[in-house]
Amino acid sequence: GAGVSQSPRYKVAKRGQDVALRCDPISGHVSLFWYQQALGQGPEFLTYFQNEAQLDKSGLPSDRFFAERPEGSVSTLKIQRTQQEDSAVYLCASSLVWTPGGEQFFGPGTRLTVL
Amino acid sequence: AQRVTQPEKLLSVFKGAPVELKCNYSYSGSPELFWYVQYSRQRLQLLLRHISRESIKGFTADLNKGETSFHLKKPFAQEEDSAMYYCALEGGANNLFFGTGTRLTVIP
């Protein structure tokens, strides 16, 4: 079956540009997560949705980062006025319904390079 | 504060040798712990989780609350075990805290 998909897989942006990263979760998955993975580091939590509701955005590093999931399915992570420190792999994950100890299913990631 | 420490960035073992990937955590409550794995050119995927107390691909992990550890073990390493391994903690919230990962190389 189809897993979590993300697009684009690679994105190069000039400093100051806005970018939008897309995540298509597994069909029927209620919970959706975004993570940022810098080179040589583990993934770091950015934000969490349950359906269309953004229940936790405590990991977003600045107000330049914005995420939405308007219809409770596809999600978009937007980064405004990109900076070099935004260069990272952005991972999306989904789960059927979040429960303690539940499995998250990850997408392939989008590698963002800011020049 | 929640923290996951994987002290080894790189670990090499010979095929057939035992392997142990270390993970220590810091959390004031009762955590849920996971091992995620990323094989070459594949996406991050769940290997095993404490709550299930299962053995996957010959790997096991025991939660030691006294030592705050969740080390991953396998008695006989195989070449296909070569991958990046991440220990992760779910601390009562709806997200995972990951360690920095250990790259395991199994030498034929």
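Convention: sequence-line order gives letters A, B, ...; per-chain numbering from 1. Below, each value reflects all heavy atoms present in this structure, side chains not excepted, and no hydrogens, waters or symmetry copies.
- Ring-centre distance between A/Phe33 and A/Phe106: not below the 6.0 Å cut-off.
- Of the listed residues (A/Ser58, A/Gly102, A/Gly59), the one with the most heavy-atom contacts under 4.5 Å to chain B is A/Gly102.
- Electrostatic pairing of B/Lys74 and B/Glu20 does not count as a salt bridge here, judged by no charged N lying under 4.0 Å from a carboxylate O.
- Interface summary for chain B: among A/Gly109, A/Pro108, A/Ala93, the most heavy-atom pairs under 4.5 angstrom belong to A/Pro108.
- Atom OG1 of A/Thr47 is separated from atom OH of A/Tyr35 by 10.5 Å, given to the nearest 0.5 angstrom.
- No hydrogens or angles considered: a donor-acceptor pair under 3.5 Å links the side chains of A/Gln37 and B/Tyr86.
- With a threshold of 4.5 angstrom between heavy atoms, A/Gln104 approaches chain B through its backbone and through its side chain.
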